[in-house]
Structures are given as structure tokens and as C-alpha cells.
Q: 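Okay, handing you the structure first.
Naming: A, B, ... by sequence-line order, numbering from 1 per chain.
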There are 4 protein chains.
Amino acid sequence: MGTKSKDGVRRRMPREVRERQMLDAAVVGFARHGYQAASMDEIAEQAGVSKPLVYLYLKSKEDLFTACLRRERAALVEAVRGGTQERQVSAEQQLWKGLCAFFAHTAARPDGWAMLHRAATQGEPFADEVAGMRAEITELVRLLLSRAAEDAGCDSEFAEREVSGLAHAMVGAAESLAEWANAREGDAPSAKETAATLMNFCWTGLGRMTEGARWSPHR
Amino acid sequence: MGTKSKDGVRRRMPREVRERQMLDAAVVGFARHGYQAASMDEIAEQAGVSKPLVYLYLKSKEDLFTACLRRERAALVEAVRGGTQERQVSAEQQLWKGLCAFFAHTAARPDGWAMLHRAATQGEPFADEVAGMRAEITELVRLLLSRAAEDAGCDSEFAEREVSGLAHAMVGAAESLAEWANAREGDAPSAKETAATLMNFCWTGLGRMTEGARWSPHR
Amino acid sequence: MGTKSKDGVRRRMPREVRERQMLDAAVVGFARHGYQAASMDEIAEQAGVSKPLVYLYLKSKEDLFTACLRRERAALVEAVRGGTQERQVSAEQQLWKGLCAFFAHTAARPDGWAMLHRAATQGEPFADEVAGMRAEITELVRLLLSRAAEDAGCDSEFAEREVSGLAHAMVGAAESLAEWANAREGDAPSAKETAATLMNFCWTGLGRMTEGARWSPHR
Amino acid sequence: MGTKSKDGVRRRMPREVRERQMLDAAVVGFARHGYQAASMDEIAEQAGVSKPLVYLYLKSKEDLFTACLRRERAALVEAVRGGTQERQVSAEQQLWKGLCAFFAHTAARPDGWAMLHRAATQGEPFADEVAGMRAEITELVRLLLSRAAEDAGCDSEFAEREVSGLAHAMVGAAESLAEWANAREGDAPSAKETAATLMNFCWTGLGRMTEGARWSPHR
DNA sequence: GATGAATGAGTCTTCATTCAT
DNA sequence: TATGAATGAAGACTCATTCAT
């Protein structure tokens, strides 16, 4: 139980390393059980460390959770931003790259993503942190949609509020797809496949909207 | 504290009524704090009943949660089904009606919806129940999309798997929009507005897909 | 262990009674070990109750301590006041009665007194409560000394500050004597004996002071 | 953090010096928080040393406390003895000198005195040590009082037990006054003033007692 | 039908103390 | 000499749950 050297004694490790191990274990625990149900005992054991050490390094359960949150959030945002940063390409291409990066990341770090996703529905203490992340990503998407509209020569009628709603829908759809893709074992679709599904789903509609067309219930 | 008659004595009420009060209180508690953080004490007090009575009627916290889940699930599914049941109309119209019903319901019972939504990320004991509901709704959507494809004379190329993904994306988008709409205070959009946003977003793309067109990264 | 009925089952008791038992046990615990070292587990066991009940009724260790403090303080102050209340008699007689009452009380409730005494040197949270009690008693003594001076036709030279110091000395001496008397087992002096010791010690000096005489190091 | 030389490296210091630093820090800690609440972490940090070093030098918290106790006790007793040692002068003058020395010392080392004073109400482990000190000082006073009685030609009626009580009262009064004097900020009385207050208070009474007079409640 | 009284089991958190270097 | 790394043991506190009336 825990990281041991060859002669069965637990190794001393630099703080940095141990801290990473703890965060790793914590992410798994929080992802699987949620904030409340996750137990510090289990996390410590999973990290191969005694509980006091966890408290020495990470102060409290709340702080530990926040630290995990921040790390995973940073990793995710960076991944998504990475695909969106090239200024040369069109908004369409950027969105595509971003989606690919998103699905690749969520597939590569399923526990990290699960934790972030669950965190959205945990209690107040983390509302801000989580809302912040969601806002960050949604804003990213909103900007892209907005720019796509501009590229298409769309006038200001394509109001802020409408784009906002679309961005939220998009993010929700992406999250749901990520969950769905991760849930499959064996025949999980590739990140690109999933991203393509989403692009297929919405891009045309978005294009038509920029042209001023609106869907209406009457016919 | 609690429901009292004019002379200060707690009223004896038929089981049915008391049970509803408990479920109501529980839904609020679970919605606001999540399963783990919600406390039986608080729920009992909120329901105006002593704790032992809650246990007498609902057996355990887990059972109470499940009961809430089932009730809210049934209400939501029924609401959505209501808009989709008319066999005469087109799949498009049915989807539209269903979305309207969904957003209307989530707006009318925010706590119920919040609980269902949170439940999706609570621990294992309820995974089945919640997954069941999600599957039920997703299946509903999947059928509609499938039928829309058929209506459009689309052949079987529009494979099961692709539609499945779309249905998940759709449901995720709807959930996200519902959350977004509920979060707004004051200028919350109407159910129809929200539904229209979503239809705009996806319906055209869906149409094009049924025609065999696919979005592709290369141009 | 704990209060049991004849058939070995722990009895249900009205809250009031149980609360008193808890306070009794807590006073003993706090008196013997001090605030920090006293354990809630031990207190609960001593009271013949489970820990949660202690928390249900008394909220927290700090609150429990405060409750004990208040109860013992009230009892002590009332006891001392009782001997001092008769307005007819001289200050001298009142002081005498007060001292007798004080020593009688501290002898009758050694744990209560020990707790109060220890509390004076526990940490900040209780500083106010304890300081308040000390101030209350010291003020009582100060008034008596002041009045004794008046009775002796002493002018205002017998300044406030000087009386204040005397009152503190008096209280300190009394506390020390109480401790000393309680520590003896077997040949403990009676309350009256102890009170007489103190009166002997200080009353003449006090009298001379009111006449304007002062002790001085030079002869 | 800690004593560092100019180039930022912690200085190697002779054991003696380090040990003094630790005791100094410990006295402050124990004085402020009491034995239980004082933390070894804080003490080590305050001393500018790592915790293992504290354990290397002082073995355990209990030993550390005892060491502090002994040091402060020795310092206090020596200070008081210093004023009492001259055999030439009268018991009265010796008592006066002793009191002056006591109040001067407690004012000069408030933390040391606070620690000693608090120690009197800490748990069993130190009861002996503390009782020892109290006994030492009380005995000192008792001897003086006894000698004063002798000087006054008082016969053995002035029984041992009576003097014992008086000594305890005296010590208690002195402690209380020391506390009271230390608590004042700004207008704190000088050691001599405080000592004079106490002499005024008791010396006359003591004189009368040696003459056989006794205070009695009946007139 | 309804509840005040009561608890077993478990959680987070802290602290004095010791290795290994 | 001196310390960063690490932990066993214990304490405060809470919660779902049940008895006895």
C-alpha cells in the first residue's frame, strides 16, 4: 500500500512530487464520489500517504478540492485554447480545432473531466470557481460564434443574446457528448468523430441564422 | 413549526397528503444541497413533520431520494411526452412541441429539475435510476430524429450511431439551456423562445444531414 | 455505565434533567483537566449519555464550557451576595458574612470552584465571561471596603485606586485560602475558621488605613 | 524565518544558546496559550529552529514545559530570596524587600510569571513541580511571618496552622496584585507602590495578632 | 398517527513525535 | 549540527437511524 522502495520502506519524496500524487488521487476520488462523499481517508490511502501529510500540504478538504479544480480547469482550458489560438484561420476552423481538442482532452483525462463536470453541481463553496470555468469556456465559444457571424457579413441583428444562448447550447451539447463518448467502452468514437458529429449538428444551422433565416413553428 | 390547526395542535393528516409534503420538502433540499449534503433533519423540519415519521413513510434517505427522483422523472417525462404524443403531426412539429414542453416544465418546477439534473452526478446508488431517465428522454429524441430522417426519405446510411450522438447532443444542449434560462432572473426567456433557439441551432443542420451532406474539416 | 433502569435499559429522561447531568459531568471534567484537556467523550460517558446527545443539547464544547461557567458563576455570586444583602448591618459584618458564604460555597462545591478558578487561566474565548465574574466579585468587595471607609468617617483621600488594589488583594487572598482549605483532606478548617483568618489578616490594617496611617519602609 | 547569518544560511550555534532561545520561545507560548493549547510547531518557529531540534534538545513537550517551569521558578525564587537574605534586618524589612523584589520580577518578566501562574492550574503532570514552587515561596513567607511573631515576643499560641493560613493568604494576595498590576497598561503602579499596598493591608493586622488580639464576628 | 429521546458509526482535522538524510 | 518528510493516535463534531411512549 503506497509507494515503497525495494526494501519495503516508504520513500521520502520531494514535496512537489507528493503533492502531484495527492492531487491525482483526489481527482479520482472526487470524480467518482463527488465532493461530499469522497473521503480524505480514501484519498490519502490512494495517494500512498498518511492523512496528516495531505493536510500538511493541502490544508483542508475544501482547499484540496479547489486545487484539483484549478489544475483540471487550467489543463482543460489550455487544451481548448491551444486549438483556437491561431489567428490566421477562420472561426469555423478554430471551432473545429477547439472541439477536437476538447474531446481529445476529456477522453485522455476522463477522471479530470468527470470531476469538473460533477463540480458544477456541488455546493456553494465552489460555485464561483466552477461558474468561472464554465463562463470562460462559454465565452470562448461565444466569441467564435460571434466572429463566424461577422465573417459571414452578418449585421448586428444577430443579437448578443441570441449568440449567448447558442454558445450555452453548444457547450451543453459538447459536455453531453463527452460524457456519452467516455461512457462507451470498447467502441468509443474518436475525438474527431465526436467533434464532427457536433459540427454537423450545428454548423449549417448557424450559417443559415447568420443569413437572417429563423426557424419558426408555423411551417 | 409545522402545520398546526388553530388550537396549536399538529393536524392529523391522511398519509397521502403528508407524504406529498415530505417529497416536496425533500425535492427542495436535494435540489439545493445535493444528495449527500441534504439533511434529513432539515427535510423533516421543512415538511413540518418529525423525523421518525419521515422514516415511517419513506424508509430511508436513499428511498426518499429515489421516490423524489421517480416522481420528478415521471412528471418531466409525462410533460415532454404530452407534446410528442399526437401521431398526426410531423416529427419536426413533435420535436418542437416536446422542447416547448420541456422548457416550460423546467421553468415551472425549477427545484424538481435541479434535483434531476444534480442527480445525474450523484453517486452510484442512483446511477441506474438516473441513467434510466436520461435514456428515456434521449430515446424519445432519438426516435423523433430518426423519424424525421425517414420523413425526409433518408436511407439507412444515416446510421443508428450517428443519430444516437445527435440525440445526446440535443439533450445536453437542452439541459444546458434550461439551466441558463433558469439562472436568469428578471429577463428570463420564455419557454418558446428557448425552444426556438435550439430549433434554429440544429434543425437546418439536421435537415442537411438527412440529405447526405456532411461537414468536413477540409474546407 | 450511565443511568439505567432496573432491566438494564437506559432510561429516557426529560431534557431538563439530562442537561443538568451533563453540566455536572462537564464541571467535573473541566475542573480536573482544564478546558483543552477535558474530552467530550469522557464527559459524555461520565454523564451516562452518548456524545451526540451532548452536542444536541449543548451545541459545542465551547458552549458547554460557557454554560458550566455561567451556572457556577451564578451559584457562587448568589451565595456571596446572599450574605451581603442585608442593608442594616455594618460593612464589616457584611464582609464577614460574604467571606463565610464564599468559603462555605467553595467547600461545598469544590469542582465548581476549581473550574471557575482554572477558567481564569484558560484561553481567550472565555476571557470575557471569567473576567466578568472576577470583576463582579471584586466590585462587590470594593464596595464593601469603600463603605467601611465611609463608616469610619474617612475622607476621599482613601482614593479609588487604593481601594481597588485592596479589593484585588483580598479576592486573591480568599481564592488562595479556598484552594488551600480544599486541598486539605481530613483536617480541613471550617468556612468560618478560614474566614476568620482572613478577617484577622486584613481588617485591622484596613481600619488603620482609613485613619490615614500608612505603612512605610522607613521604620 | 529563524536566525540567519548574512549569507542566508542558518547559523550553527552552541547548544547552550539554542537551548535558551527555545526556552524563551516556549515560555512565551505556554504563557499565552497554556500547556495544552501551546503548539510545538509554533514554539519551534518562534525559536527559529526546526522541530526535530527542539526534540533533540528537550526530549518532549512535557520536558520542555518542565524545563521552562524550573528556569522561571528558579529566577523568581532567587529574585525574592535576594531581598530576604540579609540576616541583619528585621523580618518586616525582609518581607518588604521580598515583596518589592517579587513585584519587580513579575513586572520585568511578565511572560515568565504568567506561565508560572497558569501552570498552577494545568494538569497533573506538573502538579508536583508547581506545588513545589508554591510551597517554596509560601514557606519563605511563613518563616518571615513566624520570625516577625518571635521578634514581637509572641508565644507559641500563634500557632503553626494560623501562620500557615496567613502565608497562603499573603501569597494569594501578592499573585492577584501582580496580575492586576501587569494587566494595566500605561498607568501600571511601580513595584514599590504595589508592595506598599500589600504591606498596608496586612502588616498592622499581623502585628495585632502577635499581640494576641483576634477579630471576632461578635462586635 | 406521531414524536421526544437517544445513539453507532463515521468524518474532518490536529498534534506530538520520529525517520532518513 | 540540523532538517524536510512523514505518521499514529486521538479529538471535536455530524448524521442517518431507531426506541419507547
Q: Take atom CG of Leu64(C) and atom P of dG11(F), then tell me their distance rounded to the nearest Å.
A: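 That distance rounds to 16 Å.
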
Q: So, is Arg18(B) close to the dG1(E) phosphate, meaning a side-chain N or O under 4.0 Å from OP1 or OP2?
A: no

Q: Against the six-membered ring of Phe30(B), is Arg118(B) placed for a cation-pi contact (under 6.0 Å from the centre, within 45° of the normal)?
A: no

Q: Using whole Å, what does the distance between atom C1' of nucleotide dT3(F) and atom CD of Glu45(D) come to?
A: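 Between C1' of dT3(F) and CD of Glu45(D): 15 Å.
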
Q: Which residues satisfy the side-chain hydrogen bond (donor to acceptor under 3.5 Å, both in side chains) test with Ser39(C), sequence neighbours excluded?
A: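 Partners of Ser39(C) under the side-chain hydrogen bond (donor to acceptor under 3.5 Å, both in side chains) test: none.
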
Q: 5'-most contact on DNA chain E: Pro14(C) or Gln36(A), nearest heavy atom basis?
A: Pro14(C)

Q: Hey, which sits more toward the 5' end of DNA chain F by its nearest nucleotide, Tyr35(C) or Tyr35(B)?
A: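 Nearest-nucleotide comparison on DNA chain F picks Tyr35(C).
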
Q: Could you check whether Asp24(D) pairs with Arg71(D) (Lys NZ or Arg NE/NH1/NH2 to Asp/Glu carboxylate O, under 4.0 Å)?
A: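 Yes.
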
Q: In this structure, how many angstroms lie between the P atom of dT3(F) and the CE atom of Met40(D), rounded?
A: 14 Å

Q: Looking at CG of Leu53(A) and CZ of Arg15(A), how far apart are the two atoms once the value is rounded to the nearest 0.5 Å?
A: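 Going from the CG atom of Leu53(A) to the CZ atom of Arg15(A) covers 8.5 Å.
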
Q: Hey, does the side chain of Arg12(C) come within less than 4.0 Å of dC19(F)'s phosphate (OP1/OP2), counting only N and O?
A: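 Arg12(C) to dC19(F) OP1/OP2: no side-chain N or O under 4.0 Å.
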
Q: Hey, could you give me the NE2/CD distance between His33(D) and Glu42(D), rounded to the nearest 0.5 Å?
A: 4.0 Å

Q: So does Lys51(B) reach the base of dT17(F) with its side chain, donor to acceptor, closer than 3.5 Å?
A: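 Indeed there is one.
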
Q: Using whole Å, report how far NE2 of His33(D) lies from P of dT14(E).
A: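 Between P of dT14(E) and NE2 of His33(D): 16 Å.
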
Q: Could you state the atom-to-atom distance from CZ of Phe65(C) to P of dC13(F) in whole Å?
A: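 So the CZ-P distance, Phe65(C) to dC13(F), works out to 14 Å.
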
Q: Under 4.0 Å, heavy atoms only, any strand: does Ala38(B) hit a base, just the sugar-phosphate, or nothing?
A: sugar-phosphate

Q: Whole-Å distance between dT7(F) C1' and Asp41(A) CG?
A: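 Rounded to the whole Å, the gap is 13 Å.
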
Q: Given Ile43(A) and Met22(A), is the side chain to side chain contact (heavy atoms under 4.5 Å, CB included) satisfied, shown in steps?
A: CA-CA 7 Å; Ile43(A) 290 173; Met22(A) 291 176 195; 5.8 Å; no

Q: Mind checking if Ala37(C) touches a base, just sugar-phosphate, or nothing, with heavy atoms under 4.0 Å?
A: nothing

Q: Calculate the interatomic distance between Glu19(D) atom CD and dA2(F) atom P; express it in whole Å.
A: 12 Å

Q: Just call it for Arg15(C): base, sugar-phosphate, or nothing, with non-hydrogen atoms closer than 4.0 Å on any strand.
A: sugar-phosphate

Q: Mind checking who dT17(F) pairs with, Watson-Crick or G-U wobble, both distances under 3.5 Å?
A: dA6(E)

Q: Looking at DNA chain F, which of residues 53-63 of chain A put a heavy atom within less than 4.0 Å of it?
A: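 Output list: Leu53(A), Tyr57(A).
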
Q: Tell me: CD of Glu42(A) to C1' of dT13(E), nearest whole Å?
A: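 So the CD-C1' distance, Glu42(A) to dT13(E), works out to 18 Å.
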
Q: Assign the ring pair Phe126(D) / Phe65(D) to parallel, tilted or perpendicular, where the plane angle (0 to 90°) is split at 30° and 60°.
A: tilted

